[in-house]
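So that we are looking at the same thing, I have put the structure below in structure tokens.
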Amino acid sequence: MSTDNEWQLEQERVDEVTTQIRQAIEKLEKEVGSVRGEVVEMRKDFWDEVTINFSEADDVGETSTNLRQQSEVLSERERSHKNTFQALSKMNKLVSNPYFGRIDFIEEGSKEKESIYLGIASFLSEKEQDFLVYDWRAPISNLYYDGAPGHSSYDTPSGLIEGEITLKRQFTIRDADIKFMFDTGVTIGDQLLQAVLSRSSDATMKSIVATIQKEQNQIIRNDKSKYLIVQGAAGSGKTSAALQRVAYLLYKDREHLKADQMILFSPNPMFNSYVSTVLPELGEENMIQTTFQEYLERRIGREYQLEDPFVQLEYVLSQKDDPSYEARIQGIEFKSSPSFLTMITKYREMLAEKGMMFRPLRFLGKEVVSAEQIRIKFYEYDQSIRIANRLELLKDWLLKELSLFGKSELNAPWVDEQIQLLSKEDYHRAYQRLKRKQQGKKETFDDYDLEREILAKMVVSDRLKPLRKWVKAIRFVDTKKLYRAIFNDPEVLSFISSGVNLPAAWEEISRFTTDQLQAQELAYEDTTPFLYLKDSLLGFRIFTGIRHVIIDEAQDYSPFQLAFFKRIFPRAKITALGDFNQAIYAHSSVLQAASPLGEIFGTESTEVIRLTRSYRSTKEIVEFTKAMLPNGEEIVPFNREGELPAVHEFTQSGKMEEAIHHQLEQLISEGYESIAVICKTADQSKDVYERMSNKLSIPSKLVKKTTLGFDKGVQIIPAYLAKGVEFDAVIIYDGSKEMYAAESERKLFYTACTRAMHLLDIYSLGPVSPFIADVPSEKYKRSKELQSQ
């Protein structure tokens, strides 16, 4: 343990460093103001500085050069302003908390000890010769996360540096004042981690680089694997490690990698808001953030009404009495499976030889080119040519056919009718064309035949424009009919399902699918297969500019969906984060041992890292929740003690809600800042909100799938929307046998309970869920408040 004298010396260094940081801030503030002023003035005077002359060709070239030079100067000053502003932002973060760790390292072959201090950004001494603070992402900083006192080493671009760590020290500094300081060994000290984890949760995720653990550091600094799979227990720090990984990669490859070349797929829009502050806190711009559903809506949302995953899940959770329920579940599971992906792939191979379906080109009720003519022309092309390339050739042919058709329509009666309806602006356009036609002849508009010819061409061209656009978009391929054929054409099904075990309810699945397509609707389980088939034929819309993809809650993506990711991001490295114990959707998880991601991504390029230690919840909550799982013994709780979870059993809903209301008021008075009342479904959440919200002393919020922001206070939320976020206290609304009994609901219940950081209360209307009954009684407190009916 460090002595008082060492504490005083360290505080003196903090004072010295923060003084220099303040001086740097003053200097940067002047630079920011000065450059901002220059940029404003340059924008204001931009056109005054440019000489414009279009009278001669040489003058046009000179004007263009002048414009380009002025634009380049302005862009350079704007870049300078942005860089200076970013540097100022980092200094403002450092001034109150300049660093959090220290390593004393003696390099092999040297006798001099170097003291390395780590913070969220680098800071050089005034003469810019010595690092007073090293960025936590610098190669040498790896000693702090992975090293221990004794022999150690770290990688640099020029090779391995070996030596000895003689000291590893941690700090908590607030407002330039050391609050905690202690020396530690291999792991980041429990004292600091305890202090961090004991705090209240926030409306946004915080980045805690001071407490990155060794196993999390392996994720962050992994820059070799093409596909990195992180299987982590609830609260193990998967998401924060992934975001810190993004910050590390942006730092390491800063010359070649930008934030807009990285994309995060989140489970819902609210989660995007929750994680939106992590990268800015680390001094980096946010990457692109979206959901897979948003991507699907952009691609096919105009053609079909798309079901989203939450509507699908609501059906799975609440419509068990529906006569078609079992068939729907079988359909969801099969359409999400590698077997259905195999069928779609075989279907594409079949369509290269036969079976393509097209829409005819129609105009004003006339069939310009029939579907059969298009099909015959398609199969006349060499079959060694890819389908997508054949469709491009077909597009060119159809445009020529359309052009010939347009010429044949010039004298049609409908053209004269349209000419009579032309506006003055249309006549003016025709007049300009006539002038160009006459080329220096007497300018007149009294040549009736020429006038009508020009007007007729203009009318026909304008009316055919939507059809030309339709052809260019290759809308003549009837993807709807092609997808439907899988379910209503025995010949197609026989060919593509060879060797595949179809679900027992295939006929009912087929009826449901074709009915949906007829209504221009797609169930969630059909959206990716439909788009995959469409892109297999027309060509995948790939994103070559994206270098890294982060997929959070990867267990909720089907093998089919992840195969789709691989196709549309061919040059990207993919980091997939998930926990099979939180796989709440009906399709089988790709993180399940029986369906490894290696089958999709290729085992040679895939690395799997497992995180078994849970940091979010107290030891008591982790011990309680892991006992619900068949393989729960693998989860290791962090040693942070708290209260046992409490289970309260009632026979009357009014009494239960009265008790919940009393508990909420108690938690609010005790200073709990974020409290979740977690319900099973959206409908139940809405009912509870309407009954209880007006009774509370502070406003509560109903969280829906469209909710964009995550706030403090009381949140009433369906269990599936609480994934990925955490709360100081969690109240499970009705954790009864009636509500959670099916094995398929175990993981949903587990997910809901693991949102709690400090306190977990479960209220049950009637006998408790068997998932609780399976937990040893010493792991929770139980109270029965039986009331007469």
Side-chain angles (χ1 to χ4, degrees), residues 203-205 239 264-276 288-302 304-319 328 332 336 516 521-528 551-558 561 578 582-587 674-690 692-693 699-727 730-734 739-740 744-745 747-749 751-752 754-755:
T204 52
M205 178 183 282
T239 303
L264 167 67
F265 283 92
S266 300
N268 53 60
M270 186 182 73
F271 187 81
N272 280 336
S273 169
Y274 182 61
V275 301
S276 62
I288 303 166
Q289 293 178 219
T290 189
T291 64
F292 189 52
Q293 184 67 19
E294 286 171 344
Y295 173 78
L296 293 171
E297 289 286 353
R298 284 197 297 272
R299 289 295 315 277
I300 50 177
R302 291 181 182 178
Y304 297 92
Q305 181 69 37
L306 305 186
E307 181 185 52
D308 66 45
F310 310 120
V311 171
Q312 185 202 71
L313 187 57
E314 285 283 338
Y315 175 87
V316 171
L317 294 175
S318 60
Q319 300 298 316
R328 178 80 196 272
I332 291 170
S336 305
Q516 288 261 298
E521 296 175 0
L522 280 175
Y524 183 64
E525 61 269 24
D526 284 301
T527 51
T528 307
I551 305 172
D552 207 359
E553 304 295 346
Q555 76 281 350
D556 292 335
Y557 292 85
S558 68
Q561 289 169 329
Q582 296 180 68
I584 62 174
Y585 290 90
H587 54 249
S674 69
I675 307 164
V677 179
I678 300 183
C679 304
K680 184 179 180 183
T681 65
D683 285 344
Q684 187 185 58
S685 299
K686 185 182 177 187
D687 291 342
V688 171
Y689 175 77
E690 289 173 351
M692 298 188 67
S693 60
S700 60
K701 182 176 180 179
L702 175 63
V703 177
K704 306 174 187 176
K705 65 182 180 182
T706 53
T707 301
L708 296 177
F710 180 71
D711 301 319
K712 290 189 177 182
V714 177
Q715 316 283 317
I716 299 174
I717 182 171
Y720 55 82
L721 287 181
K723 287 173 69 70
V725 295
E726 57 191 24
F727 304 90
V730 164
I731 288 173
I732 303 293
Y733 184 93
D734 196 6
M739 198 59 57
Y740 297 95
S744 60
E745 295 162 341
K747 291 171 182 178
L748 183 71
F749 189 69
T751 300
T754 54
R755 301 307 95 197

TODO: Might you work through the side-chain contact (heavy atoms from CB on, under 4.5 Å) test for T751 and E553, ending with a clear yes or no?
DONE: CA-CA 12 Å; T751 300; E553 304 295 346; over 6 Å; no

Task: Whether Y740 and F749 hold their rings parallel, tilted or perpendicular, with breakpoints at 30° and 60° - done: tilted

Open item on the list: What verdict does the side-chain contact (heavy atoms from CB on, under 4.5 Å) test give for T291 and F265, after you've listed the backbone C-alpha separation in whole Å, the side-chain angles of each residue and the deciding distance to 0.1 Å?
Closed with: CA-CA 5 Å; T291 64; F265 283 92; 5.9 Å; no

TODO: To the nearest 0.5 Å, tell me how far K747 NZ sits from T754 OG1.
DONE: 13.0 Å

Task: Short side-chain to backbone donor-acceptor contact, S693 and E690, under 3.5 Å - done: no

TODO: Decide yes or no for S266 and D552: does some side-chain heavy atom of the first lie under 4.5 Å from some side-chain heavy atom of the second?
DONE: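 With C-beta onward as the side chain, the pair stays apart.
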
Open item on the list: Could you report the tightest heavy-atom contact between Y315 and R328, atom names first, then the distance?
Closed with: CE2-CG, 3.5 Å

Task: Interatomic distance, I717 atom CD1 to K704 atom NZ [nearest 0.5 angstrom] - done: 13.0 Å

Task: Atom pair CG/CZ of N268 and F310 - distance to nearest 0.5 Å - done: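 That separation rounds to 5.0 Å.
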
Task: salt bridge (Lys or Arg N to Asp or Glu O under 4.0 Å) involving E314 - partner list, sequence neighbours excluded - done: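 Partners of E314 under the salt bridge (Lys or Arg N to Asp or Glu O under 4.0 Å) test: none.
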
TODO: Could you list the residues that satisfy salt bridge (Lys or Arg N to Asp or Glu O under 4.0 Å) with K701, not counting sequence neighbours?
DONE: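 Checked K701 against salt bridge (Lys or Arg N to Asp or Glu O under 4.0 Å); matches are D711.
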
Open item on the list: How long is the straight-line distance from CZ of R299 back to OG1 of T528, given to the nearest 0.5 Å?
Closed with: 11.0 Å

Task: Over all atoms of both residues, closest heavy-atom pair of S700 and I716 - done: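 Looks like OG-CD1, 4.3 Å.
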
Open item on the list: Donor-acceptor check, side chain of E307 to backbone of Y524, threshold 3.5 angstrom: yes or no?
Closed with: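 Yes: the side chain of E307 pairs with the backbone of Y524.
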
- [ ] Apply side-chain contact (heavy atoms from CB on, under 4.5 Å) to M692 and V714, showing your working.
- [x] CA-CA 11 Å; M692 298 188 67; V714 177; over 6 Å; no

Open item on the list: Would the distance check show the side chain of K680 and the main-chain N or O of E745 forming a donor-acceptor pair, the cut-off being under 3.5 Å?
Closed with: no

- [ ] Of all the heavy-atom pairs spanning P309 and Q293, show the shortest one and how long it is.
- [x]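 What the structure gives for the nearest pair is CD-OE1, 3.4 Å.
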
- [ ] Kindly give the heavy-atom pair with the smallest separation between I732 and A752, and that separation in Å.
- [x] CD1-CB, 3.7 Å

- [ ] Determine whether the side chains of Q312 and E525 contain a donor N or O and an acceptor N or O closer than 3.5 Å.
- [x] yes

- [ ] Quick one: closest heavy-atom pair of L702 and T707, and the distance?
- [x]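 Smallest heavy-atom distance, with atoms named: O-OG1, 4.0 Å.
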
Open item on the list: For K705, I'd like to know if atom NZ has over 12 heavy atoms of other residues, nucleotides or ligands within 6.0 Å.
Closed with: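 Yes - once you tally the heavy atoms of other residues, nucleotides and ligands closer than 6.0 Å, there are more than 12.
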
Task: Taking every non-hydrogen atom, the tightest pair across V725 and A722 - done: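 In terms of heavy atoms, the two residues are closest at CG2-O, 3.0 Å.
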
- [ ] Indicate yes or no for a side-chain donor-acceptor contact from Q516 to the backbone of A523 under 3.5 Å, with no hydrogens or angles considered.
- [x]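 Yes; at least one donor-acceptor contact below 3.5 Å.
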
Task: Distance (rounded to the nearest 0.5 Å) between K686 NZ and Q684 CD - done: 14.0 Å

- [ ] Calculate, to the nearest 0.5 Å, the distance between atoms CD1 and CG belonging to I678 and D734 respectively.
- [x] 13.5 Å

